Amino acid sequence: MLAQITSYLGRMRSLLPSLRAEGYYVPYLYWDFLMCFFKYGCVLDQYVRGGFYKMSSYERRRSMTYKRILYVYDKCITPDYIHFLQNKIDFNRYFSSIIRRKWLYGKDMSENDFDALCHSAPALIVKPLNESEGRGIRKIIVPETVDGAKIVFASLTGQEVIIEECLVSHKDMVFGSSSLNTLRVHSLLDCDGNVHFMKFILRVGVGDSVVDNYCAGGCIYEIDEETGCVISKGYSKVHPESIVHPGTEIIMLGRQIPFWQEVKELVCKAHKMIPQMRFIGWDVAITGDGPELIEGNHHPDYDLLEFVGTRLWWPKFKKYL
């Protein structure tokens with residue numbers, strides 16, 4: 001505990017003085033941050049990177065903070081059902097009626113099954129079961145040799161991984177990166193079981209990364225619920241407030257997401273299948289054949305709500321809780 005407190009104080013000494021360039025008096029920032037921490041439950045990342053330091057009292061009372069998102073989790077989560085979202089194998093099995101992609105479990109696959117998967121999908125995505133936020137995910141191209149599939153099978157069999165066919169993005173979802181770009185759709189069930197869409201985020205990879213996760217350097221953009229168009233500047237830990245997608249000449253504002261109505265219908269159908277988890281952050285890919293459900297998150301990060309695009313989500317959540 002002492003080490004954690006020391007580390008946090010060190011981050012305060014590193015981050016808060018950086019706001020001096022904007023004309024803020026540093027001793028005031030220390031006092032103001034501590035007040036926001038105890039009064040609103042705002043942590044350091046939101047205070048600095050989320051712009052809490054420059055919010056009015058009106059905005060602070062309405063901002064989704066760490067303390068408030070924990071309250072949402074407590075109200076919306078049934079612990080016995082977490083594994084259906086947290087465990088990738090359980091997720092694929094539970095939602096098998098609406099998941100179209102082929103997949104295998106490293107500890108429970110035969111060589112014949114793997115060979116059949118390779119023939120239908122020569123490019124594979126391998127995801128460790130004990131990781132999150134895109135860590136450890138890798139893309140494998142099966143060699144077109146006599147023993148190619150056998151060699152790859154030997155390297156994966158018995159592993160705690162899920163092996164899926166590599167989905168191909170819709171042509172309008174390709175933005176100059178190597179990743180499969182996805183949507184994060186936040187949905188909330190009210191007490192009567194009705195699905196409400198809270199916020200839509202487009203996640204786009206940067207450069208050669210095979211994942212689009214914000215935590216892995218990807219860039220995020222807000223999408224309008226009605227039109228399915230990008231309505232915000234981009235945001236990432238490396239490229240804040242970007243209009244042109246990093247590493248490209250692509251202007252993202254106004255971009256239309258394909259199959260928009262189908263995306264909302266898919267998420268609505270999926271959420272009604274697991275009403276015990278009232279708040280979920282769904283990851284959805286858009287292929288040439290339509291939307292594909294990738295996973296659901298029982299603890300979707302609140303920074304996607306409050307750090308980019310529209311903000312002040314706390315009253316909107318309270319309305320349905």
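For clarity, every value in this text was computed on a predicted model and none was experimentally measured.
- Side chain to side chain, Gln46 and Thr65 fail the donor-acceptor criterion of an N or O pair below 3.5 Å.
- Taking a 6.0 Å sphere around CG of Leu70, one finds it holds more than 12 heavy atoms contributed by other residues, nucleotides or ligands.
- For the side-chain hydrogen bond (donor to acceptor under 3.5 Å, both in side chains) condition, the pairs that include at least one residue of residues 154-171, sequence neighbours left out, are Asn92-Glu164, Arg101-Glu164, Tyr105-Glu160, Lys107-Glu160, Lys127-Glu164.
- Heavy atoms from other residues, nucleotides or ligands lying under 6.0 Å from CZ of Arg100 number more than 12.
- With contacts defined as side-chain heavy-atom distances shorter than 4.5 Å, the pair Gln256/Asp172 does not qualify.
- A donor-acceptor contact shorter than 3.5 Å is absent between the side chain of Tyr40 and the backbone of Met35.
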Kindly indicate, with the supporting measurements, whether the criterion side-chain contact (heavy atoms from CB on, under 4.5 Å) is fulfilled by Phe279 and Ile69.
-> CA-CA 10 Å; Phe279 176 47; Ile69 197 68; 4.0 Å; yes
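- Heavy-atom contacts from other residues, nucleotides or ligands closer than 6.0 Å to CD of Glu249 number 12 or fewer.
- Tyr81 and His298 are not linked by any side-chain donor-acceptor pair at a separation below 3.5 angstrom, with hydrogens and angles left out of the test.
- Here the closest heavy-atom approach between residue Gly228 and residue Ile223 is recorded as C-CG2, 3.4 Å.
- Not counting sequence neighbours, the partners of Tyr24 by the ring-ring contact (aromatic ring centres under 6.0 Å, His included) test are Tyr53.
- At a threshold of 4.5 Å between non-hydrogen side-chain atoms, the residues Leu16 and Tyr47 count as touching.
- Annotation: side chain of Leu321 is in contact with side chain of Tyr71 (closest heavy-atom distance under 4.5 Å).
- Atom OH of Tyr8 has more than 12 neighbouring heavy atoms from other residues, nucleotides or ligands inside a 6.0 Å radius.
- No side-chain heavy atom of Ile286 sits less than 4.5 Å from a side-chain heavy atom of Glu262.
- Looking only at distances, a side-chain donor or acceptor of Arg60 sits under 3.5 Å from a matching main-chain atom of Phe52.
- Met198 has its side chain within reach of Lys316: a pair of non-hydrogen atoms, C-beta onward, lies under 4.5 Å apart.
- Ile137 and Ile141 fall into different hydrophobic clusters, where Ile, Leu, Val, Met, Phe, Trp and Tyr residues are linked whenever their side-chain heavy atoms come under 4.5 Å apart, directly or through other members.
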Go through the steps to decide whether Cys36 and Met55 satisfy the test side-chain contact (heavy atoms from CB on, under 4.5 Å), and finish with yes or no.
-> CA-CA 11 Å; Cys36 291; Met55 287 184 179; over 6 Å; no
Residue pair Val185, Leu266: steps toward the side-chain contact (heavy atoms from CB on, under 4.5 Å) verdict = CA-CA 11 Å; Val185 182; Leu266 176 64; over 6 Å; no
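- Formation of a donor-acceptor pair under 3.5 Å by the Asn181 side chain with backbone atoms of Met173 is found in this model.
- Contact of the Leu85 side chain with the Phe91 side chain is registered, since non-hydrogen atoms from C-beta on lie closer than 4.5 Å.
- No continuous path of ILVMFWY side-chain contacts below 4.5 Å connects Leu104 to Leu167, so the two sit in separate hydrophobic clusters.
- Between Ile220 and Arg184, every side-chain heavy-atom pair lies at or beyond the 4.5 Å cut-off.
- With rounding to the nearest 0.5 angstrom, the NE2 atom of His119 is 13.0 Å from the NZ atom of Lys102.
- Residue Phe84 qualifies as enclosed at atom CZ: its count of foreign heavy atoms under 6.0 Å is above 12.
- The closest side-chain donor-acceptor pair between Asn194 and Tyr320, if any, does not fall under 3.5 angstrom.
- Between the Asp224 side chain and the Ile231 main chain, no donor and acceptor come within less than 3.5 Å of each other.
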What's the verdict on side-chain contact (heavy atoms from CB on, under 4.5 Å) for Lys139 and Leu180, showing C-alpha distance, side-chain angles and the deciding distance?
-> CA-CA 11 Å; Lys139 181 178 180 180; Leu180 176 71; over 6 Å; no
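- At a threshold of 4.5 Å between non-hydrogen side-chain atoms, the residues Met277 and Leu189 do not count as touching.
- Note on Leu188: it clusters hydrophobically with Met273, by side-chain heavy-atom contacts below 4.5 Å among ILVMFWY residues.
- Checked against a 6.0 Å centroid threshold, the rings of Trp260 and Phe200 count as neighbours.
- Note: Trp313 and Phe317 have perpendicular aromatic rings, judged against thresholds of 30 and 60 degrees for the angle between ring planes.
- A donor-acceptor pair under 3.5 Å links the side-chain atoms of Asn87 to the main chain of Ile89, judged by distance alone.
- Remark: aromatic rings of Phe95 and Trp282 are close, center separation under 6.0 Å.
- The two residues Phe33 and Cys42 have their closest heavy-atom pair at CE1-O, 3.7 Å.
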